[in-house]
Protein chains: 2
Amino acid sequence: MAPPAEDTPRAPLTRDRVLETALGVADRVGVDAVTMRRLAVELGVKPMSLYHHVPGKDAILDGLVDRVFAEIDVPPEGLPWKDAIRLRCLSARAVLRRHPWATPLLEGRTSPGPATLHHHDAVLSCLRRGGLSLALTAHAYAVLDSFVYGFALQEATLPSGGDEGIAELAEHMVETFPAGAYPHLVELATHHVQQPGYGFSASFEFGLDLLLDGIEAAAGRRL
Amino acid sequence: MAPPAEDTPRAPLTRDRVLETALGVADRVGVDAVTMRRLAVELGVKPMSLYHHVPGKDAILDGLVDRVFAEIDVPPEGLPWKDAIRLRCLSARAVLRRHPWATPLLEGRTSPGPATLHHHDAVLSCLRRGGLSLALTAHAYAVLDSFVYGFALQEATLPSGGDEGIAELAEHMVETFPAGAYPHLVELATHHVQQPGYGFSASFEFGLDLLLDGIEAAAGRRL
DNA sequence: GCTTCTGCCTTACTTAGTACGGCTGGCTTG
DNA sequence: CAAGCCAGCCGTACTAAGTAAGGCAGAAGC
């Protein structure tokens, strides 16, 4: 059937193929399914063979985080800092929506990879070249990161079905409340979340613009 | 030695005592040390006995999260919404600094406890009674939560030594960089973080006030 | 005094990460 | 061309952790 010269029983194991497989498993089944044994099966190999290419499971998770950072789009050159940062934040959130399992890993992982470091450096570069002082840059950096990760984290725990999924969840939760308890949660759940046109996502741009405008104003005051 | 009438070999096991012990272990050793076996030892009991008082480990983690929420201070009555929310956010962050292990647990846990729900309801109540529309309340809620959790999450992964600890970490990291790479990270680390008077914490109030002012302005525009 | 029930224990299974050493086939080297 | 070496993979086994199933003993009630 196949040409006998190259039946390639399988490609040789490499760190890269391990990470590739891990990313696939995480996207398809969830990050909890990323176990050494599972990866071994998917690669047609025995568990301990993985250790010849990665130091251990932590290194795999570190590698996954770095791959996710690498997916964040780089904005075109020449944009004003505010627009460039805005695009980066939007892209970061989009990436984290594609890989919801990744968000809890982002923080908490020590030893950032090259893509991670490069991303952070690029953000700082953009702010500084926009004329922000070092002190204000540090504030902006901390604040924007916090917001983007925090928001992504909330989205990651929400049901995957998007805004209708949220509405469904809200209905479920309200049903379990003791009657009369948490009136404002109930109000929000029934009169807002379950209304047509609701979108949790809209809050992201709302908050992001609040922060960006505020940073811009602070920059104008030479802070 | 001891009075024979009541040597109280040990208090009876209860869900509350289990949670109490778990909280202690998490604070002293970290949340990873909260294992069923460890809790059993601390309570002078065998592991499986715990299951007669809690359904499983997840329930214990849920309980811990709820206890943490319960520690958030309630602001005095009669404050303007902005001040009241500000105090709540500051208190929430302070609580999460006391229990750094808790931050990654907050989101991701399904089935929130009564203290958690009550806290959320109180925040919503405050915003609505401040005159914010339901839509703006939803935005404000999502945005503030994201920021507070995101910031706390960053703090949780930072070294516990406070701002000097950060400076030390920054120095360490810079040393591992290839020469010339990540110039802006290096600049930030050496010319800002390691300067006397630096405080990562200051960024929290910076960002919080940006958000609160922005929300207030939006409320003024009757959004 | 016997029953029942509550509270704790015993045993054992499952999943995961990973330490340690063995085997083998292809490439280097004489 | 043959011998050997080594990179890459495998087998075995240990540890830690969650938890399912049933047993036993002392206290409370009939």
Side-chain angles (χ1 to χ4, degrees), chain A residues 3-26 28-65 101-102 104-105 108-111, chain B residues 4-65 101-102 104-105 108-111:
Chain A
E6 46 164 279
D7 49 18
T8 54
R10 78 175 163 235
L13 221 48
T14 61
R15 178 193 136 92
D16 241 46
R17 284 195 62 221
V18 172
L19 288 182
E20 199 67 37
T21 306
L23 191 62
V25 171
R28 286 199 313 277
V29 199
V31 75
D32 283 345
V34 177
T35 72
M36 300 308 270
R37 295 167 204 267
R38 169 87 184 239
L39 294 182
V41 170
E42 300 242 345
L43 286 161
V45 135
K46 298 295 161 140
M48 289 313 292
S49 304
L50 301 175
Y51 286 88
H52 290 275
H53 300 94
V54 291
K57 185 174 177 178
D58 272 349
I60 294 180
L61 296 180
D62 284 341
L64 287 184
V65 167
W101 50 266
L105 290 183
R109 222 98 280 279
T110 45
S111 67
Chain B
E6 47 162 276
D7 48 20
T8 55
R10 79 178 161 230
L13 222 47
T14 62
R15 177 192 137 94
D16 241 46
R17 283 195 62 218
V18 172
L19 288 181
E20 198 68 37
T21 306
L23 191 62
V25 171
D27 280 336
R28 285 199 315 277
V29 200
V31 75
D32 283 344
V34 176
T35 71
M36 300 307 268
R37 295 167 204 268
R38 169 86 184 239
L39 293 181
V41 169
E42 300 242 346
L43 287 161
V45 135
K46 299 294 162 141
M48 288 314 291
S49 304
L50 300 175
Y51 287 86
H52 290 273
H53 299 94
V54 291
K57 187 175 177 179
D58 272 348
I60 293 179
L61 295 180
D62 284 340
L64 286 183
V65 167
W101 49 266
L105 290 183
R109 223 98 277 282
T110 45
S111 68

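Reckoned from all heavy atoms, side chains included, excluding hydrogens, waters and symmetry mates. We name chains A, B, ... by the order of the sequence lines, and we start the count at 1 in each one. The model shown is predicted, which means the values in this text are computed figures rather than measured ones.
Distance, Leu39(A) CG to dC9(D) C1': 16 Å, rounded to whole Å. In this structure, Leu43(A) places its CG atom 15 Å from P of dG8(D), rounding to the nearest Å. Distance CG (Asp58(A)) to P (dT18(C)): 7 Å, rounded to an integer number of Å. The nearest whole Å value for the distance from the NZ atom in Lys57(B) to the P atom in dA20(D) is 15 Å. As a whole-Å value, the separation of Leu50(A) CG from dA19(C) P is 13 Å. Rounded to whole Å, atom P of dT15(D) lies 13 Å from atom CZ of Arg37(B).
No side-chain donor-acceptor contact under 3.5 Å links Trp101(A) and Asp32(A).
Counting only heavy atoms from C-beta outward, the side chains of Thr35(A) and Leu39(A) never approach each other to under 4.5 Å.
A salt bridge links Glu42(B) to Arg28(B): one of the charged nitrogens lies within less than 4.0 Å of a carboxylate oxygen.
Dashed line: the shortest gap from a side-chain N or O of His53(A) to OP1 or OP2 of dC9(D) is under 4.0 Å. For dG11(D), the OP1/OP2 oxygens have a side-chain nitrogen or oxygen of Lys46(A) closer than 4.0 Å.
Among the nucleotides dC10(D), dG17(C), dC9(C), the one closest to any side-chain atom of Ser49(B) is dC9(C). Checked against dC9(D), dG17(C), dG18(D), the side chain of Met36(A) finds its nearest nucleotide in dG17(C). Of the candidates dT19(D), dC20(C), dG17(C), dT19(D) carries the atom nearest the Tyr51(B) side chain, counting heavy atoms from C-beta on. Distances from the side chain of Val45(B) to the nucleotides dT18(C), dC9(C), dG18(D) place dC9(C) closest. The nucleotide whose nearest atom lies closest to any side-chain atom of Met48(B) is, among dG18(D), dA21(D), dT12(D), dA21(D). The nucleotide whose nearest atom lies closest to any side-chain atom of Leu13(A) is, among dC9(D), dT18(C), dA16(C), dC9(D).
Closest-nucleotide positions on DNA chain C for Arg38(A) and His52(A) were compared, and the one nearer the 5' end corresponds to Arg38(A).
Distance alone, capped at 3.5 Å, is enough to place a donor-acceptor pair between the Thr21(B) side chain and the Arg17(B) backbone.
Interatomic distance, NZ of Lys57(A) versus CD1 of Ile60(A), reported as 8.0 Å (0.5 Å rounding).
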